[in-house]
There are 2 protein chains.
Amino acid sequence: MPSAAVPATEPPLAASGRPEGGASPAFSPLYQQIKTLMTRSLRVGEWRPGEAIPSEIELAARFKVSQGTVRKAIDELSAENLLVRRQGKGTFVATHAEQKNQYRFLRLMPDGDEAGRVQRRFIDCRRLRSPADVARALALKPGDAVVNVRRVLTFNAVPVVFDDIWLPGQLFKGLTAERLSDYKGPMYGLFESEFGVHMIRADEKIRAVAADAVSAPALAVEAGHPLLSVERLSFTYDDKPVEFRHGLYNTAGYHYRNALS
Amino acid sequence: MPSAAVPATEPPLAASGRPEGGASPAFSPLYQQIKTLMTRSLRVGEWRPGEAIPSEIELAARFKVSQGTVRKAIDELSAENLLVRRQGKGTFVATHAEQKNQYRFLRLMPDGDEAGRVQRRFIDCRRLRSPADVARALALKPGDAVVNVRRVLTFNAVPVVFDDIWLPGQLFKGLTAERLSDYKGPMYGLFESEFGVHMIRADEKIRAVAADAVSAPALAVEAGHPLLSVERLSFTYDDKPVEFRHGLYNTAGYHYRNALS
DNA sequence: GAGTGGTCTAGACCACTGA
DNA sequence: CAGTGGTCTAGACCACTCG
């Protein structure tokens, strides 16, 4: 039960949140304020990926609200995949290192049944100055330091995905091809444990394109072969963009799955 | 306040749902049972798309549970987009006819800003016997009657989407090209109001393909041009498949957007 | 003002986990 | 067994909509 790093007192809750508060210019429910405070604890690293957060009863005491209010805050954070509840055990900070989350962001599936072994092969990892489009996506200034990683994913030894990845240099100091290759598990797991960057969500733009001189050899297809182009912008806490990635998928025998609801 | 069609009594709730119930072989919480009952009311058409369902207090009385339990059931149905809550007004059955849901299932967006005018042009609408693959997807027997619709969507008069749509003949008796053309609004709105079929969710499989002899002229591109292939299986209540659709999208100037979380 | 959904509380008890 | 999250209840009050 680690409770050392917990501040003795919390900032007072906004008056407007309590029912007694005056009128309602920008009313914010209590559980929303609790949610914000908890997100802050996640962002600053008071609670780390994989660890248990304090119990609902403890949090209720700490925030001076009822357990039900804490519960509603946790419910939402859990629906957003920031936390994971485990009955009888506690509530834990979500992590990309878990088995279940291994492929949370990789939507490519084989058409048939067999799962297939996924392997990562890193082509290069360079530090350089940000091109204009990357800077815009990552909310950097053009010319700021960025890290560019290129890699291929193989399914059963067949190259299927070619990724061109851009990261803010400031956050990823010391990222090298060796560290990428040596790490067992998904890249986002390494980002989390080695650089303290936790990917929360991402937006993707998908198009059909023709393989060009760079991608064709990497995926062992002829130039002009149709490929799925997947442009991804990933965010950490507070909607801060921290990864810009352009993927090219060979969808012969595979498909990008999506659930609409 | 329509209350005529409401049955005077509800079937008794499973004993295991009440805390006093014996052991717990397949324990199901009360709110889950309420959810099932409410889904049934939706499926059989007691509550129709666009209409208000009874208030939480009424439902609590009807099901003989507390308002909080009904609330939790509605919360989940609302999260699944089956119901829509409107503070101060009531809770309503979701409908595809609403402005907000117009493009809930169409994820194609222009790369730039302008929204663009969407137009639907129907190529044909035929009744025929189901091919094997369509039958499998729709859980029909091969040879069962199906309706096949083909259409093109244009954005600002430019053809962008070519859809090949398959529907169970049993459910869509009397669907013709005229009715499709005459209907103002999205196709799922017509399915809902004219055939009582409400699409709840869908699964899509996305690939990159080359335009062939059929799709190339329809989308005004050359054969071999890369297109996004979107295979969609749509479901109504109780995970019953009711539409199988193969779309081809020209993603020059457009993209399929997706949010990962 | 009456009726709706939305928030918050306090308390009881259940289901699950692990020592 | 104690401790965790999960369910259910009853009641109070707030915010919103509309007549």
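In what follows, every chain begins at residue 1, and chains take the letters A, B, ... in the order their sequences are listed.
Comparing A:Gln87 and A:Thr69 against DNA chain C, the residue whose closest nucleotide sits nearer the 5' end is A:Thr69. For the pair B:Gly88 and A:Lys72, nearest-nucleotide mapping onto DNA chain C gives the more 5' position to B:Gly88.
Closest approach to the A:Pro29 side chain among C:dG5, C:dC8, D:dC8 is made by C:dC8 (side chain taken as heavy atoms from C-beta onward). Distances from the side chain of B:Arg85 to the nucleotides C:dA15, C:dG5, C:dC8 place C:dG5 closest. Closest contact between the side chain of A:Val65 and the listed nucleotides C:dT9, C:dC8, D:dG5 involves C:dT9.
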- Task: Go through B:Ser28 and B:Gln33 one step at a time and tell me if the side-chain contact (heavy atoms from CB on, under 4.5 Å) criterion holds.
- Result: CA-CA 7 Å; B:Ser28 165; B:Gln33 303 178 41; 3.7 Å; yes

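Put simply, A:Ser55 has a side-chain N or O that comes within less than 4.0 Å of OP1 or OP2 on D:dT4. The shortest distance between the side-chain N/O atoms of A:Thr91 and the OP1/OP2 oxygens of D:dG5 is below 4.0 Å. In this structure, A:Tyr31 does not reach the C:dC8 phosphate: none of its side-chain N or O atoms is under 4.0 Å from OP1 or OP2. For the OP1/OP2 pair of D:dG5 and a distance below 4.0 Å, the side-chain nitrogens and oxygens of A:Arg86 include no atom meeting the criterion. Listed pair A:Lys89 / C:dC16 fails the phosphate criterion, with no side-chain N or O lying under 4.0 Å from OP1 or OP2.
Checking side-chain atoms of B:Glu51 against main-chain N and O of B:Arg48 turns up a donor-acceptor pair under 3.5 Å.
Computed from coordinates, the B:Ile74 CD1 to D:dC8 C1' distance equals 16 Å when rounded to whole Å. Rounding to whole angstrom units, CZ of residue B:Arg71 and P of D:dG11 are separated by 18 Å. In this structure, A:Gln67 places its CD atom 12 Å from C1' of C:dC13, rounding to the nearest Å.
Residues A:Arg257 and A:Leu106 share a closest heavy-atom pair of NH2-O, 3.6 Å.
Using the six-membered ring where Trp is involved, A:Tyr188 and A:His96 have ring planes that are perpendicular, over 60° apart on the 30 and 60° scheme.
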